[in-house]
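One structure is given below, encoded as structure tokens.
A, B, ... follow the sequence lines: proteins, then strands. Residue 1 opens every chain.
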Amino acid sequence: MTEERQTATADDNQIFAERRAKLAELRKGGSAFPNDFRREHLAADLQAAHGAQSNEELEAAPVAACIAGRMLLKRVMGKASFATIQDMSGRMQLYVTNDGVGPELHDRFKHWDLGDILGVKGTLFRTRTGELTVKVTELRLLTKSLRPLPEKFHGLTDQEQKYRQRYVDLIVTEEARRTFTVRSKVIQAIRRFFVDRGYLEVETPMMHPIPGGASARPFATHHNALDMPLFLRIAPELYLKRLVVGGFEKVFEINRNFRNEGISTRHNPEFTMLEFYEAYQDYRHLMDFTEAMFREVATAVLGTTKVPYQGEIIDLGQPYARLTVVQAVRHYHSEITEAQLNDRAWLVAQLEKMGAKYKPADGLGGLQLTYFEETTESLLVQPTFIIDYPAEVSPLARRNDAQPEITDRFELFITGREIANGFSELNDPEDQAERFQEQVRQKDAGDHEAMHYDADYIRALEYGLPPTAGEGIGIDRLVMLLTDSPSIRDVILFPHMRPED
RNA sequence: GGGUGGUUAGCUCAGCCGGUAGAGCAGCGGACUUUUAAUCCGUUGGUCGCGAGUUCGAAUCUCGCACCACCUACCA
């Protein structure tokens, strides 16, 4: 009795038990998991090649079909049955009859389950209602599915199960398959864009002795043999610029970053970042370059630069607005004067009134930026570059020649979210050393996100980094935009989840 | 981290003022050789998220916990 209790798990339901019994029967009949079936066609290829032919044409010149896939629908009508199978390309209807495969096999087929994986041979015909269908002459059960699929009409609606059991989501949700196909094509298109322009794709370390290149808290790990701490990277920036020092003057990397921060619809602990660096360019070039990239990627993947997102049309084709922090605030809040935005006391009073978090030690630029983030950032729905960031929040960016308190830097906002961050790189090793020291002071003062002093990076700059422009683009957020996905979890195959139970 | 909502059969969901569990799909048995979420007849299947409490009696009311979603806060 206690044993029965222990095995009576949620999986031990009637359907599961019946399917296991069916598998046990299959085992008695020889190999229950045969792997000698070779398919010759994909469903979509057959649809593309023969979808336009009439039934008369298909009868006059029979077309052989040999396909495999997972059975998703089944309609048994006595001596004949219809079924729908799905492979990586799409779906195909099957017509299984006593005439075609014999009554004995057809009777066995009637007991196969939705979710089972079949191998099929036959010829193509068109049904009364015009659907291209395989009239089956050979039929094999290749893999028995023990677990029932979600309800066939509603599909998988439980968000948690979609994320935890993405394999089920992909089986039953066309939209999920499309999202991740688009994601793959976006990355392909980006890679092609860079390779076509003479960039070298590189891979830099994921485990850093000193986490750097961004303001963020890292994940810590430990190397046993060396008995030393290591950190999962928060950004590849400092390594990529070392490569520019080394003479790889145009490099890019598409890879994962890890940040030990909160999880939300816009944040996953690991996320994919594109970073690229080009010598002898500046941040203004990067803005033109980014616009060109987004247009080319959207056109390659979606066939248009007008992208629907959550009920709005985002136009990636028009020239993107370019505003300073102050200009952007004034553009969206015409009642605010430039004098107010340049008044430290006024900014502090406003931020206090909004209950916004700000660093009291911040200079005017830092306060302006915080005020911008609080009041204006979410309004930047159409692509907008915000330029001229204060130096105090940009420890790796080059100072503006005319105004040394700001940097030659921009961030690109679309749908109210930061999508990209780029700047002319700081290549003055002495200025960089001072900025690292300032970061260390902030870290010592309790800022967990402040940077460390990276002595080897300074040493690299001392060999000479050519004037360089560099940028990072959040790939997950770009894919959210291009797939009209409201949550970052919809564009990450296996988003981070708390453990079950 | 804060707020709101949710958790009932394998799946999608009902379940009123507290009276002891329902439907559709899937499954099982039967009819049916051009169906399209096939149809028709019959039928199996439940730790009502977990734990306390109130009550003669809790899926239902109260409290706590867990997980999920959404909003919000930081970061990209």
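- Heavy atoms of other residues, nucleotides or ligands lying less than 6.0 angstrom from CE of A:Met497 number more than 12.
- OP1 or OP2 of B:C13 has at least one side-chain nitrogen or oxygen of A:Thr157 nearer than 4.0 Å.
- The partner of B:C74, taking Watson-Crick or G-U wobble pairs whose two distances both stay under 3.5 Å, does not exist in any strand shown.
- In this structure, A:His452 and A:Phe231 have tilted ring planes: the angle between them lies in the 30° to 60° band.
- The ring of A:Tyr283 has its center no closer than 6.0 angstrom to the ring center of A:Tyr389.
- Put simply, the side chain of A:Arg128 and the base of B:U34 share no donor and acceptor less than 3.5 Å apart.
- Within the nucleic acid shown, A:Gly472 has no heavy atom closer than 4.0 Å to any nucleic acid atom.
- Annotation: cation-pi pair A:Arg166/A:Phe494 absent, no NZ/CZ under 6.0 Å from the ring centroid and within 45° of its normal.
- A side-chain donor-acceptor contact under 3.5 Å links A:Ser394 and A:Arg409.
- Rounded to whole Å, the distance from CG on A:Leu72 to P on B:A38 is 11 Å.
- Separation of the P atoms belonging to B:G29 and B:U62 is 46 Å when rounded to the nearest angstrom.
- When the nearest nucleotides of RNA chain B are assigned to A:Gln161 and A:Glu131 by heavy-atom distance, the more 5′-ward of the two goes with A:Gln161.
- With P as the reference atom, B:C63 and B:G24 are 36 Å apart, rounded to whole Å.
- B:G64 is paired with B:C50 under the Watson-Crick or G-U wobble criterion, all donor-acceptor distances under 3.5 Å.
- Counting any heavy atom pair closer than 4.0 Å across all strands shown, A:Thr265 reaches sugar-phosphate atoms only and no base atom.
- Dashed line: the shortest gap from a side-chain N or O of A:Arg75 to OP1 or OP2 of B:A38 is under 4.0 Å.
- Contacts of A:Asn268 with the nucleic acid, taken as non-hydrogen atoms under 4.0 Å apart, include base atoms.
- Between A:Phe385 and A:Phe410, the ring-plane angle classifies as perpendicular under the 30° and 60° cut-offs.
- A:Met71 places its CE atom 15 Å from the C1' atom of B:U35, with the value rounded to the nearest Å.
- Base pairing of B:U43: its partner is B:G27, meeting the Watson-Crick or G-U wobble criterion (both donor-acceptor distances under 3.5 Å).
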Cut-off 3.5 Å, no hydrogens considered: what does the side-chain donor-acceptor table look like for residues 251-258 of chain A, sequence neighbours left out?
unit_1	atom_1	unit_2	atom_2	d
A:Glu253	OE1	A:Thr204	N	3.2
A:Glu253	OE1	A:Thr204	OG1	2.6
A:Glu253	OE2	A:Thr204	N	3.1
A:Glu253	OE2	A:Arg233	NH1	3.0
A:Glu253	OE2	A:Arg233	NH2	3.2
A:Glu253	OE2	A:Asn255	ND2	3.4
A:Arg256	NH1	A:Glu270	OE1	2.6
A:Asn257	OD1	A:Arg233	NE	3.2
A:Asn257	ND2	A:Ile234	O	3.4

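- The phosphate of B:C11 has neither OP1 nor OP2 within less than 4.0 Å of any side-chain N or O from A:Lys152.
- As rounded to whole Å, 10 Å separates atom P of B:C70 from atom CZ of A:Arg266.
- The nearest whole Å value for the distance from the NE2 atom in A:His154 to the P atom in B:G10 is 18 Å.
- The nearest heavy atom of RNA chain B to A:Asp158 and to A:Glu373 marks one nucleotide each, and the one closer to the 5' end goes with A:Asp158.
- Taking atom P in both B:U44 and B:A21, the straight-line distance is 15 Å, to the nearest Å.
- For A:Gln93 against B:U35, a side-chain N or O and a base N or O form a donor-acceptor pair under 3.5 Å.
- In the model, A:Tyr199 has a side-chain atom that pairs as donor or acceptor with a side-chain atom of A:Glu278 under 3.5 Å.
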Show your reasoning for whether side-chain contact (heavy atoms from CB on, under 4.5 Å) applies to A:Leu380 and A:Phe372. CA-CA 11 Å; A:Leu380 303 178; A:Phe372 159 80; 3.7 Å; yes
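- For the residue pair A:Thr290/A:Glu471, the side-chain donor-acceptor check at 3.5 Å is satisfied.
- Of the C1' atoms belonging to B:C61 and B:U12, the separation is 28 Å, rounded to the nearest Å.
- To the nearest whole angstrom, the two C1' atoms, one in B:G1 and one in B:C56, are 45 Å apart.
- At whole-Å resolution of the value, CD in A:Glu261 and P in B:C74 are 12 Å apart.
- Spacing of C1' atoms, B:G6 relative to B:C13, comes out at 13 Å, to the nearest Å.
- Spacing between atom CE of A:Met497 and atom P of B:A66 amounts to 16 Å, rounded to whole angstrom units.
- For A:Glu449, counting side-chain heavy atoms from C-beta on, the closest listed nucleotide (B:C74, B:C25, B:C68) is B:C74.
- When heavy atoms are screened at a 4.0 angstrom cut-off, A:Glu275 is found touching no nucleic acid atom at all.
- Here, B:C68 and B:A26 have their P atoms 31 Å apart, quoted to the whole Å.
- For RNA chain B, no neighbouring residue in residues 41-48 of chain A is found when judged by any heavy atom under 4.0 Å.
- Judged by a 6.0 Å distance limit and a 45° cone about the ring axis, A:Lys135 is positioned over the six-membered ring of A:Phe125.
- Here B:A59 sits opposite no nucleotide as a Watson-Crick or G-U wobble pair (both hydrogen-bonding atom distances under 3.5 Å).
- Summarising the geometry, the separation between CD on A:Glu160 and P on B:C11 is reported as 12 Å, rounded to the nearest angstrom.
- Looking at heavy-atom distances under 4.0 Å, A:Arg126 makes no contact with the nucleic acid at all.
- Under the Watson-Crick or G-U wobble criterion, with both distances below 3.5 Å, B:A38 is left unpaired in every strand shown.
- For B:C70, the glycosidic angle deviates from 0 by more than 90°, giving an anti base.
- Following rounding to the nearest Å, A:Arg147 (CZ) and B:G10 (C1') show an atom-to-atom distance of 10 Å.
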Protein-to-nucleotide contact annotation, 5' to 3' order, nucleotides 27-33 of chain B [B base; S sugar-phosphate only; - none; under 4.0 Å, heavy atom]: SSS--BB
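- Below the 3.5 angstrom threshold, one finds a donor paired with an acceptor across the side chain of A:Thr127 and the base of B:U35.
- The residue A:Leu73 sits close only to the backbone: its heavy atoms come under 4.0 Å of sugar-phosphate atoms, none of a base.
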CA sep, side-chain torsions, deciding dist, call: A:Asp454, A:Phe436, side-chain contact (heavy atoms from CB on, under 4.5 Å): CA-CA 8 Å; A:Asp454 189 332; A:Phe436 275 156; 4.1 Å; yes
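- If you check every strand for non-hydrogen atoms under 4.0 Å, A:Phe125 touches a base.
- Side-chain contact of A:Arg398 with A:Thr468: a donor-acceptor pair under 3.5 Å is absent, judged by distance alone.
- Nucleotides B:C40 and B:U35 are separated by 15 Å at their C1' atoms, to the nearest Å.
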